[in-house]
Amino acid sequence: MRSGNLGLLAMAIVSMLLVTGYTYVTVGPAGDLDGEVYIIHTNDTHGYYDESYGTSTVSVLGFTAVAALKDDYESRGATVFLVDAGDAFQGTAATLITHGSSSVDVLNAMGYDLMVPGNHEFDYGKDRYLGYAAQLNFPTLCANIIVEETGDYLCDPYKVVERDGYTIGFFGLATPDTVTSVIAGATDGLEFTDPVVAAENMVKTLSSMDVDAVVCVGHIGVDRSSSITSDSICASVEGIDVFIDGHSHTVMTGGKVADGSVTLLESDTLIASTGCYNQHIGVVHMTAEGGPEAYLEDIAGIDPNVTAVIDGVNDSINEQRNIVVGHTEVELSGGYLENRVHETVLGDFLADTMLHATDADVAVINGGAVRNTISVGEIIAGDVYSAYAFESQVLTKEVTGEQLRLLLEVWLSGLPSASGGFAQVSGMTVTYDSSATAGHRVESVTVNGTPLDPSATYVLASNDFVMAGSSGYEWMGNIPTKDSFGSFYDIIFDRLGKLDPVKSGDIVIGRLIDTAA
């Protein structure tokens with residue numbers, strides 16, 4: 001690993017930021033950067049192209065700021081590599097309206113060296129994603145996705161990039177949880193192999209190529225409810241200098257989780273992640289004295305070329321994005337993490353919306369599908385697309401009371417960690433003990449005020465993701481569909497129009513009661 005002058009990391013830029021209740025400082029380099037090497041990185045951008053995609057709870061710098069930072073570093077003599085750690089094709093009005101294709105032009109304008117596929121790259125099916133990947137001007141890397149029929153890698157497993165005399169061996173890793181975190185069938189024909197074994201093979205291969213550094217770009221994350229985490233990989237595999245991470249939307253700086261919510265397993269690898277939604281720009285100084293250093297930049301710069309491409313995307317979708325679909329007098333609160341650990345107003349509203357549309361007995365929705373608060377006031381279609389970022393169909397099935405209890409047990413099993421499978425519910429009240437053994441947490445369930453009857457039959461409404469048997473409840477996929485009610489977006493828009501405006505009395509909270517709280 002080459003060394004540089006740590007004095008170049010003077011505090012030219014110091015920003016005190018408040019992010020989900022904690023503060024941290026970002027530090028950028030000052031002056032001449034000749035001879036210094038940096039990796040600028042993004043992850044989980046989810047179609048948040050610029051500040052216009054921000055909300056009252058999400059402040060977006062956008063891709064133009066990332067490009068401007070790269071331009072600035074290079075103008076001062078630095079060697080810069082630019083990489084993305086996945087989930088770039090799904091998440092906002094733009095990606096939903098264009099089925100992900102809008103991200104191709106934006107990513108190409110950035111000049112990335114490479115990216116890794118996130119789990120949500122497969123939301124439109126693997127064939128559509130591979131079509132988009134083929135249109136990118138840079139490779140998608142992954143060393144642990146195999147095509148079952150041929151035994152070949154789905155993507156190139158690694159790439160060696162030399163720039164200005166500095167060589168980095170990059171390889172990619174995808175979360176094995178992709179299979180259960182996208183709709184059933186989206187990854188048919190693919191095998192997600194053990195990331196530890198894949199990483200060991202890549203380190204061995206790249207270390208023999210006289211590279212200056214071995215860098216993993218992984219969509220793995222540090223969520224303790226996941227089947228594997230990036231820090232556990234780094235603790236198991238020697239020889240990875242830097243692991244640029246995604247998937248868990250974790251803000252990291254200095255190789256640590258910024259809010260202290262997770263203590264990373266010890267290793268010799270520096271792990272870096274920006275959080276999500278282009279709110280921060282990740283930077284790794286590869287030639288810092290003593291080894292690589294990671295920090296975040298939060299500079300709202302502008303790159304004219306990237307801005308022009310994003311403006312073109314926005315112009316093409318703004319008419320649909322800006323349609324007024326209703327109003328609300330109460331904040332429909334519920335961000336990415338909140339919906340994965342406890343009941344939220346937004347989760348209740350969306351589950352209620354399914355129930356009203358289907359006349360089912362109960363409705364459930366996976367918290368991982370619910371993403372962003374809808375603020376008081378006018379609601380446009382884009383707000384709904386950001387709050388619920390998936391093109392779902394609403395279905396009903398007939399289940400027994402015992403099957404419904406089993407479903408709830410699965411959804412509660414990830415606690416206290418945030419889990420995309422956590423349930424938001426309607427038509428029932430669930431009392432549970434989050435401190436009890438997983439699988440034995442549900443204490444009582446009432447359906448419309450009546451105790452759940454294990455042998456009775458209930459009509460359950462949910463999205464097609466749940467009904468297909470994804471995310472740990474495969475048996476749901478074997479139950480025949482009773483009725484189909486079409487696009488969940490159409491159902492949401494219809495209910496917003498009927499309620500207009502949404503009032504506090506329209507949403508009754510207190511459906512999920514944790515006796516351990």
Side-chain angles (χ1 to χ4, degrees), residues 8-31 33 36 38-76 78 80-85 87-88 91-92 106-107 109-112 242 244-246 248-261 270-286 288 292-304 306-307 310 335-337 372-373 386:
L8 289 171
L9 285 175
M11 291 180 63
I13 305 162
V14 181
S15 303
M16 295 301 296
L17 301 172
L18 182 63
V19 182
T20 59
Y22 61 90
T23 58
Y24 61 88
V25 180
T26 62
V27 181
L33 301 180
E36 300 301 313
Y38 296 87
I39 300 174
I40 294 178
H41 59 98
T42 54
N43 63 274
D44 298 277
T45 55
H46 282 291
Y48 284 74
Y49 298 143
D50 64 19
E51 69 280 357
S52 70
Y53 292 84
T55 69
S56 62
T57 57
V58 176
S59 178
V60 178
L61 292 171
F63 283 108
T64 190
V66 179
L69 185 69
K70 179 176 181 286
D71 294 342
D72 174 61
Y73 277 33
E74 289 178 335
S75 71
R76 290 188 277 146
V80 180
F81 300 83
L82 181 62
V83 304
D84 182 81
D87 277 4
T92 60
V106 175
L107 294 174
M110 293 291 295
Y112 280 100
V242 177
I244 293 172
D245 202 13
S248 59
H249 292 202
T250 306
V251 179
M252 295 187 190
T253 184
K256 297 180 179 180
V257 175
D259 67 355
S261 60
L270 176 70
I271 304 177
S273 180
T274 70
C276 60
Y277 305 155
N278 269 324
Q279 296 183 84
H280 314 291
I281 307 168
V283 183
V284 178
H285 184 195
M286 297 299 294
E293 296 178 342
Y295 58 95
L296 299 173
E297 289 271 32
D298 294 273
I299 309 303
I302 295 175
D303 179 286
V306 173
T307 297
I310 294 172
Y336 176 87
L337 287 177
N372 265 321
T373 292
S386 294

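All heavy atoms count here, side chains included; hydrogens, waters and symmetry mates do not.
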Exercise: identify the closest heavy-atom pair between [X] and [Y]:
X: Ala68; Y: Gly301; result: CB-C, 3.6 Å
X: Ile244; Y: Ala85; result: O-CB, 4.1 Å
X: Tyr38; Y: Leu33; result: OH-CD2, 3.7 Å
X: Leu270; Y: Gly254; result: CD1-C, 4.4 Å
X: Ala65; Y: Ala300; result: CB-CA, 4.2 Å

Decide yes or no for [X] and [Y]: does some side-chain heavy atom of the first lie under 4.5 Å from some side-chain heavy atom of the second?
X: Met252; Y: Ile271; result: yes
X: Asp50; Y: Thr307; result: no
X: Thr64; Y: Tyr49; result: no
X: Tyr48; Y: Thr92; result: yes
X: Asp259; Y: Val251; result: no
X: Pro29; Y: Tyr73; result: yes

Hey, is the main chain of [Y] close enough, under 3.5 Å, to the side chain of [X] for a donor-acceptor pair?
X: Ser75; Y: Asp72; result: yes
X: Thr42; Y: Asp84; result: no
X: Arg76; Y: Gly31; result: yes

**Study point:** Working for side-chain contact (heavy atoms from CB on, under 4.5 Å), residues Leu69 and Val283
**Key:** CA-CA 10 Å; Leu69 185 69; Val283 183; 3.9 Å; yes

Measure the [atom1]-[atom2] distance between [X] and [Y] for me, rounded to the nearest 0.5 Å.
X: Phe81; Y: Met286; atom1: CZ; atom2: CE; value: 8.0 Å
X: His285; Y: Glu36; atom1: NE2; atom2: CD; value: 3.5 Å
X: Glu297; Y: Ile40; atom1: CD; atom2: CD1; value: 8.0 Å
X: His46; Y: Asp87; atom1: NE2; atom2: CG; value: 4.0 Å
X: Leu296; Y: Ile281; atom1: CG; atom2: CD1; value: 9.5 Å
X: Ser273; Y: His41; atom1: OG; atom2: NE2; value: 7.5 Å

Exercise for review: Among Thr45, Leu82, Leu61, Asp303, find the residue that satisfies the side-chain contact (heavy atoms from CB on, under 4.5 Å) test when tested with Val66.
Suggested key: Leu82

**Study point:** Identified side chain to side chain donor-acceptor pair (under 3.5 Å) counterpart of Asn43 within the set Thr274, Asn278, Thr250
**Key:** Thr274

Exercise for review: Describe, in one word, how the ring planes of His249 and Tyr277 are oriented to each other, choosing from parallel (under 30°), tilted (30 to 60°) and perpendicular (over 60°).
Suggested key: perpendicular

